[in-house]
Amino acid sequence: MTGSQVSDLLPLEECIGAVENAFKLYAQGKITPPGILGIHVAEGGYHIKAGVIDHFVAKANANFPLNPKQYELPTIQGVVTVYDKNNGQLLALMDSIQVTIIRTGAATAVAAKYLSREDAQTVSIIGCGAQGRISVKMLQKVRPKLRTVYAFDTDEKATSDFSKELENQGLEIKIVDDFREGLSDSDICVTCTTVRKPFLAEKDLPEGIFVAAVGSDSEEKNELFPEVLSSNKVVTDVTDQCESIGELNHAIEAGQMKSKDVHAELGEIICGKKKGRLSSDEIIIFDSTGTGLQDVAAASIIYAKAEKDKVGHQVFFNS
């Protein structure tokens with residue numbers, strides 16, 4: 001299935017619910033932990049993320065940050081494979097870009113639902129590409145009082161596209177020249193860049209803000225200075241994975257945190273094993289590296305709808 005077909009078959013609210021349930025099932029020990037494999041090359045890298053819930057799903061992605069400028073290609077390209085978990089039959093192949101964007105935005109929304117202030121009205125988006133745009137749309141589903149978006153990107157076209165896509169969402173979009181301009185007024189911040197040197201510091205964060213750190217999904221990427229994590233409550237998607245490729249990885253390497261310092265995994269908060277936000281003034285960081293379970297949750301919805309509506313082309317590999 002193509003990217004446009006994937007988008008049509010994956011409603012935002014339904015994806016949020018499926019991703020929330022995947023985190024919950026994992027925390028309850030009802031499903032197998034997700035797996036990940038990464039391989040690096042000169043200008044980027046490849047990773048495979050896999051998980052099992054209703055289906056076995058494996059996603060193979062190529063991630064090359066220089067692609068848009070050098071080759072006019074997307075930063076992320078790849079394919080999602082869906083299998084019958086009981087007999088191994090290959091059921092579907094689908095473009096991975098939209099799966100990745102939407103399921104990542106869904107995780108941000110789920111985390112915001114449990115970790116941001118309920119009356120959140122203002123969000124700062126640092127990185128205005130496709131992930132930044134979907135983050136705003138997803139956040140509106142769980143924080144309907146959102147009214148103002150501060151948007152920052154080093155690419156003027158990205159901020160222009162951001163404004164055009166979101167101008168009819170009932171929001172005031174404010175493009176800023178420095179990401180710090182809107183942070184002091186923000187209840188939520190989403191960082192979704194490809195940078196390899198941290199830029200967000202503890203002194204930049206106002207009391208009570210919820211930060212979803214989305215950009216770090218490999219060992220090289222790093223958006224937050226270590227003290228941002230060590231000084232505040234940290235919630236991970238999967239702690240073992242964050243130790244290897246997330247912001248937690250860099251905080252541990254800097255000697256400012258240990259794994260035991262992580263407050264909780266998101267699923268533990270969803271199922272009530274641990275508490276989320278305890279006060280309006282605490283700062284909470286969500287280390288979001290993206291898991292195979294999110295891909296399973298999203299891809300299972302797409303596959304079911306595609307089969308029902310006869311979307312895509314049917315191919316028999318075993319014939």
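Under the salt bridge (charged side-chain N to carboxylate O under 4.0 Å, His left out) criterion, Lys157 pairs with Asp161, sequence neighbours left out.
Side-chain contact check for Ser288 versus Asp237: some heavy-atom pair is nearer than 4.5 Å. Residues Leu91 and Glu307 form no side-chain contact, since every pair of their non-hydrogen atoms from C-beta on lies 4.5 Å or further apart. Counting heavy atoms from C-beta outward, Ile285 and Lys233 have side chains that stay 4.5 Å or more apart. Leu248 places a side-chain heavy atom less than 4.5 Å from the side chain of Val262. Within the 4.5 Å cutoff, the side chain of Asp295 has heavy atoms near those of the Lys49 side chain. Side chains of Thr81 and Val57 form no contact here, defined as non-hydrogen atoms less than 4.5 Å apart. Proximity of Leu139 to Val190: side-chain heavy atoms (C-beta onward) are separated by under 4.5 Å at one or more points. Counting only heavy atoms from C-beta outward, the side chains of Asp155 and Thr159 never approach each other to under 4.5 Å.
Residues Ile125 and Ser135 share a closest heavy-atom pair of CD1-CB, 4.4 Å. The shortest non-hydrogen separation linking His40 to Glu220 is CE1-OE1, 3.1 Å. For Ala120 against Ile188, the heavy-atom pair with the smallest separation is CB-CD1, 3.9 Å. Minimum interatomic distance between Asp204 and Phe199 (heavy atoms only, all atoms of both residues): OD2-O, 3.8 Å. Taking both residues in full, the closest heavy atoms of Arg117 and Ser280 are given as NH1-O, 2.9 Å, listed atom of the first, atom of the second, then distance. The heavy-atom pair separating Val296 from Gly51 by the smallest distance is CG2-O, 3.1 Å.
Taking CG of Asp153 as the start and OG1 of Thr193 as the end, the distance is 9.0 Å to the nearest 0.5 Å. Put simply, CD1 on Ile209 and CG on Asp281 are 13.5 Å apart, with the number rounded to the nearest 0.5 Å. For the atom pair Asp261 CG and Ile252 CD1, the distance stands at 8.5 Å (nearest 0.5 Å). A distance of 11.5 Å separates NZ of Lys164 from CZ of Arg133, quoted to the nearest 0.5 Å. Interatomic distance, Ser124 OG to Phe152 CZ, rounded to the nearest 0.5 Å: 11.0 Å. Atom CG of Leu146 is separated from atom CD of Glu172 by 13.0 Å, given to the nearest 0.5 angstrom.
Of the possible polar contacts, one joining the Asn222 side chain to the Leu224 backbone as a donor-acceptor pair under 3.5 Å is found. In this structure a side-chain-to-backbone donor-acceptor pair under 3.5 Å is missing from Asp309 to Val311. Side chain of Asp84 to backbone of Gln89: no donor-acceptor contact under 3.5 angstrom is found. For the pair Thr2 (side chain) and Gln5 (backbone), a donor-acceptor distance under 3.5 Å is present. No donor-acceptor distance shorter than 3.5 angstrom exists from the side chain of Lys174 to the backbone of Thr148, with no hydrogens or angles considered. When atom types are taken as modelled, the side chain of Gln140 and the backbone of Gln169 share a donor-acceptor pair closer than 3.5 angstrom. In this structure a side-chain-to-backbone donor-acceptor pair under 3.5 Å is missing from Arg143 to Gln121. Judged purely by atom type and a 3.5 angstrom limit, Gln131 uses its side chain to pair as donor or acceptor with the backbone of Ile101. Counting only distance, with no hydrogens or angles, the side chain of Glu181 and the backbone of Asp178 share a donor-acceptor pair below 3.5 Å. Side-chain atoms of Glu223 come within 3.5 Å of backbone N or O of Gly215 as a donor-acceptor pair.
In terms of hydrophobic clustering, with Ile, Leu, Val, Met, Phe, Trp and Tyr side chains grouped at heavy-atom distances under 4.5 Å, Ile283 and Leu183 are assigned to a common cluster. Using a 4.5 Å cut-off between side-chain heavy atoms of Ile, Leu, Val, Met, Phe, Trp and Tyr, with links allowed through other members, Ile269 and Val211 fall into different hydrophobic clusters.
The aromatic ring centroids of His55 and Tyr303 lie less than 6.0 Å from each other.
Under 4.0 Å is where a charged nitrogen must lie from a carboxylate oxygen, and between Glu243 and Lys258 no such pair does. Salt-bridge check for Arg277 with Glu118: failed, with every basic side-chain N at 4.0 Å or more from each acidic carboxylate O.
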Item checked: Steps toward side chain to side chain contact (heavy atoms under 4.5 Å, CB included) verdict (Asp187, Val123) -> CA-CA 6 Å; Asp187 305 299; Val123 58; over 6 Å; no
Side chains of residues 61-68: which donor-acceptor partners sit under 3.5 Å, not counting sequence neighbours?
unit_1	atom_1	unit_2	atom_2	d
Asn61	OD1	Ser96	OG	2.4
Asn61	ND2	Thr100	OG1	3.3
Asn67	ND2	Pro74	O	3.0

